[in-house]
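Numbers for residues simply follow the sequence, beginning at 1.
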Amino acid sequence: LNKKERREINKFKEKNNFEWGIMFEIFKSTLNKVKNNEEKIEKDEVKALSSIVSLLVEAASIDGQIGDDEKNKISSILINQLKLDPIKAKEILDETISLSGDQIEIWSKTNDIRKELDYDERLNILELMWEIVLVDNVLDVFEAQLMRRVSGLLYISDVDSGNSKKRALMKLKDSNL
């Protein structure tokens, strides 16, 4: 990345406080209810969490297999960003992976996300997906196609998708230092 691109990324981080905002508040609310075994979990909360974790798993599995790096990255998101108990994170990830073989489309997942989240929140999800597909340092044809499709389905511009890819690469590089 050149200096101009790094400045743009830093401006984006400052503008958005690079926190996951409302999106993760929905998740935290849902996850707290799950942790506390509360019975009244709103249907929309479960749908939002399920849709996003499903997209992350789809990004990890689109190349035909889910590697350990990809599983670890999704687990890290669930544990470190959503503050989920590691055992519960593993349960959610394992369940989503086992159900992912039955999925034949992603439109319904992206539609749920598009309805519930604003542009910046959808952009953050796309960035998480970029981190997952790039974690193994290989972007194959299927992964690139998925990212273009999801970007379009989430109504994310090509420029913003490209910038989120650059941010994801920078974060992955920084985490490997």
> Which atom pair, heavy atoms only, marks the closest approach of Leu126 to Ser161?
Replying inline: CD2-OG, 3.6 Å
> Taking all atoms of both residues into account, what is the closest heavy-atom pair of Ala144 and Leu139, and its distance?
Replying inline: N-CD1, 3.8 Å
Are [X] and [Y] packed together at the side-chain level, in the sense that at least one heavy-atom pair is separated by less than 4.5 angstrom?
| X | Y | answer |
| --- | --- | --- |
| Ile74 | Thr96 | no |
| Val133 | Lys165 | no |
| Lys173 | Leu169 | no |

>> Would a single hydrophobic cluster contain both Trp107 and Ile62, if residues Ile, Leu, Val, Met, Phe, Trp and Tyr are joined by side-chain heavy-atom contacts under 4.5 Å?
In response: yes
Separation between [atom1] of [X] and [atom2] of [Y], rounded to the nearest 0.5 Å:
| X | Y | atom1 | atom2 | result |
| --- | --- | --- | --- | --- |
| Ser164 | Leu123 | OG | CG | 5.0 Å |
| Ile77 | Leu128 | CD1 | CG | 4.5 Å |
| Lys88 | Leu93 | NZ | CG | 13.5 Å |

>> Glu95: which residues meet the side-chain contact (heavy atoms from CB on, under 4.5 Å) condition with it, sequence neighbours left out?
In response: Leu99
> Partners of Asp140 by side-chain contact (heavy atoms from CB on, under 4.5 Å), sequence neighbours excluded?
Replying inline: Asp63, Phe142, Glu143
>> Per the side-chain hydrogen bond (donor to acceptor under 3.5 Å, both in side chains) rule, what does the pair list look like for residues 64-74, sequence neighbours excluded?
In response: Lys73-Glu131
Ignoring hydrogens and angles, write down the donor-acceptor pairs under 3.5 Å from the side chains of residues 145-159, residues two or more places apart or on other chains.
from	atom 1	to	atom 2	distance (Å)
Ser151	OG	Ile156	O	3.1
Ser157	OG	Asp160	N	3.1
Ser157	OG	Asp160	OD2	3.4

> Who are the side chain to side chain donor-acceptor pair (under 3.5 Å) partners of Asp94, not counting sequence neighbours?
Replying inline: Lys90
>> If the condition is side chain to side chain donor-acceptor pair (under 3.5 Å), which residues does Asn111 pass it with, not counting sequence neighbours?
In response: Arg114
> Can you check side chain to side chain contact (heavy atoms under 4.5 Å, CB included) on Trp130 and Ile125, steps first, answer last?
Replying inline: CA-CA 9 Å; Trp130 274 118; Ile125 292 169; over 6 Å; no
